[in-house]
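Read through the structure below, which is laid out as structure tokens, and then see the notes.
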Protein chains: 2
Amino acid sequence: MRMSELSATTVTPVPTLKFYLREHLLHAGERTSPNQSQYDETHVERVRLVRALLEVGGLSVAQAATVIGVLTDDSIPLSSVFGVAQRAVTMPAPLTRESRGDGAARIAELCERRGWTVYPNNPGLALAARVVDTYAELGVDVITEAVLEPYAEAADLVAGADLAAVAAAPSEAGMTTVVAVGTVLGDALFAGLRRIAQEAESFRRFPLPEGTPAPGTTYTDEDC
Amino acid sequence: MRMSELSATTVTPVPTLKFYLREHLLHAGERTSPNQSQYDETHVERVRLVRALLEVGGLSVAQAATVIGVLTDDSIPLSSVFGVAQRAVTMPAPLTRESRGDGAARIAELCERRGWTVYPNNPGLALAARVVDTYAELGVDVITEAVLEPYAEAADLVAGADLAAVAAAPSEAGMTTVVAVGTVLGDALFAGLRRIAQEAESFRRFPLPEGTPAPGTTYTDEDC
DNA sequence: CGACTATAGACAGTGACACTATCGATAGTG
DNA sequence: CACTATCGATAGTGTCACTGTCTATAGTCG
């Protein structure tokens with residue numbers, strides 16, 4: 001397969017593919033001459049993965065390169081893949097400024113309560129602490145036990161499903177892929193489901209007045 | 001309070017505040033003369049909110065402006081705030097290309113199974129469908145019932161907590177703020193907790209070999 | 001009163017980022 | 001042998017979130 005064919009099957013412009021090659025998001029093809037290369041199915045899959053990470057996962061090119069590095073590097077043990085993928089995906093900027101509140105302590109307490117044992121450099125600790133502090137700084141003190149507990153329970157449910165999916169993968173390479181892809185896409189999947197559940201729950205709690213903007217069937221996928 | 005004082009208390013450069021004024025993220029101060037304005041506590045809170053939306057929530061300036069518009073506009077009924085906030089926050093780009101897979105159908109089926117009644121233009125529907133399709137396109141067919149169900153159950157838990165927090169707000173204005181802030185920060189909070197729970201669950205499923213990189217206490221917030 | 005700093009408003013500039021375009025030399029193709 | 005495609009390098013584009021500069025005016029201190 002030549003580059004133009006790769007471009008056609010992946011619906012990605014040739015200059016973009018060249019850019020991905022430069023950025024090591026895409027591995028080089030097999031050289032047949034100084035200025036010709038052959039691409040194969042692995043390149044098609046890789047481009048699809050890259051576009052999924054960038055478009056659906058919202059990663060930057062640098063983050064995507066890190067994730068792909070994890071998939072490619074055989075020397076990284078499976079047990080580390082989660083950590084590397086998590087760290088690559090979790091935006092680092094907000095975590096730099098050290099928290100001024102008690103968010104870290106609240107999250108640590110939550111971990112203890114739930115029996116969550118994690119390394120102290122788990123990016124989720126800093127992220128969650130930062131969010132709790134931010135709520136406090138905004139004067140929106142809704143982050144009570146009554147909120148944190150359901151969130152934590154939900155996180156446990158999702159993490160259980162995530163790990164079950166990983167364990168179900170046929171090969172170790174498959175597991176690695178599931179971890180990397182699942183870390184990125186899982187956030188988006190949950191965000192979508194949360195929006196749906198929020199609206200449904202909102203209807204349950206605050207029923208519409210007799211006015212009639214009742215939601216029709218759920219399963220209409222036309223929305224323009 | 002003059003602009004320099006606002007700048008000092010919010011740790012935000014003056015040019016940035018001017019930029020926020022131009023972009024309508026920050027309301028104008030009270031004019032005392034053609035080139036002087038007074039700012040007050042509402043401006044301090046607003047700047048904090050803006051920075052929370054941008055840094056922690058990861059919104060663009062345009063998205064943040066939409067969210068702030070919801071908070072400011074008294075004519076928007078509370079029942080619509082969720083929808084507007086969700087639509088402002090959910091990234092629109094990935095949703096434009098219509099799904100080629102059966103993701104929409106799978107999500108619709110899930111909604112029916114769980115009794116979720118929502119408007120067909122709920123952004124979560126398109127987002128979740130897109131993610132499901134993306135998994136399929138990547139050949140990672142882990143999105144089975146065994147995964148979707150826990151995710152959905154978790155979404156219900158979180159949405160229940162979200163709505164309870166909203167209902168607990170003292171005033172309608174407070175409710176609006178909780179909705180807008182919670183929609184944005186809730187995603188981040190859950191993402192953080194999910195990372196923690198993933199690692200904890202990973203230790204449960206795949207205990208460390210007798211080698212000793214055992215995670216220490218959970219509640220260390222030093223991570224540099 | 002006058003030096004000095006701060007301010008509003010307008011507008012131009014910056015750096016990061018994700019592409020996108022062009023070019024020259026070569027390679028395959030009808 | 002014309003003609004398109006490709007490689008690699010380099011440069012350019014558009015967007016975004018600021019950031020800097022300028023002018024005219026306002027407050028502030030000695």
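In what follows, chains are A, B, ... by sequence order, proteins preceding strands, each numbered from 1. Since the model is a prediction, treat every value here as computed from it, not as a measurement.
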Inset, instruction - Tell me whether the OP1 or OP2 atom of C/dG28 has a side-chain N or O from A/Arg2 closer than 4.0 Å. - result: no
Legend entry - Nucleic acid contacts of residues 15-23 of chain B, taken as heavy-atom distances under 4.0 Å to DNA chain C: B/Lys18, B/Arg22
Legend entry - Interatomic distance, B/Met3 CE vs D/dA26 P [rounded to whole Å]: 17 Å
Inset, instruction - May I have the distance from B/Leu59 (atom CG) to D/dC16 (atom P), rounded to whole angstrom? - result: 14 Å
Legend entry - C/dT7 OP1/OP2 closer than 4.0 Å to side-chain N/O of B/Ser4: yes
Inset, instruction - May I ask you to decide if B/Pro123's main-chain N or O and B/Arg87's side chain share a donor-acceptor pair within less than 3.5 Å? - result: no
Inset, instruction - Measure from CE on B/Met1 to P on C/dT7 and round the result to the nearest Å. - result: 12 Å
Inset, instruction - May I ask you to say whether A/Asp162 pairs ionically with B/Arg195, meaning some side-chain N is under 4.0 Å from a carboxylate O? - result: no
Inset, instruction - Check for a donor-acceptor pair, side chain of B/Gln63 on one end and backbone N or O of B/Ala88 on the other, with a separation under 3.5 Å. - result: yes
Inset, instruction - Look at B/Ser33 and D/dT25 and indicate whether a side-chain polar atom (N or O) is within less than 4.0 Å of OP1 or OP2. - result: no
Inset, instruction - Kindly check if the number of other-residue, nucleotide or ligand heavy atoms within 6.0 Å of NE2 (A/His24) is above 12? - result: no
Inset, instruction - Starting from C1' on D/dT28, measure out to CD on B/Glu5 and report it in whole angstrom. - result: 15 Å
Legend entry - Minimum-distance nucleotide (side-chain atoms of A/Pro34 versus C/dA27, C/dG28, C/dT20): C/dA27
Legend entry - Atom pair distance, as rounded to whole Å: CG in A/Asn35 and P in D/dT4: 17 Å
Legend entry - Phosphate-side-chain proximity, A/Ser37 and D/dC7, N/O vs OP1/OP2 below 4.0 Å: yes
Legend entry - Separation of atom CD in A/Gln36 from atom C1' in D/dT4, rounded to whole Å: 11 Å
Inset, instruction - May I have the distance from B/Leu26 (atom CG) to D/dA17 (atom P), rounded to whole angstrom? - result: 16 Å
Legend entry - Any A/Tyr39 side-chain N or O less than 4.0 Å from OP1/OP2 of D/dC7: yes
Legend entry - Minimum-distance pair of heavy atoms, taken over all atoms of B/Arg2 and B/Gln38: CG-NE2, 4.4 Å
Inset, instruction - Apply the side chain to side chain contact (heavy atoms under 4.5 Å, CB included) test between B/Val81 and each candidate in B/Asp73, B/Thr176, B/Val166; give the one that qualifies. - result: B/Thr176
Inset, instruction - Round to the nearest Å and state the distance from A/Glu30 atom CD to D/dT6 atom P. - result: 17 Å
Inset, instruction - May I ask you to decide if A/Glu5's main-chain N or O and A/Thr9's side chain share a donor-acceptor pair within less than 3.5 Å? - result: yes
Inset, instruction - Tell me which nucleotide among D/dC18, D/dT6, C/dT20 gets nearest to the side chain of A/Pro13. - result: C/dT20
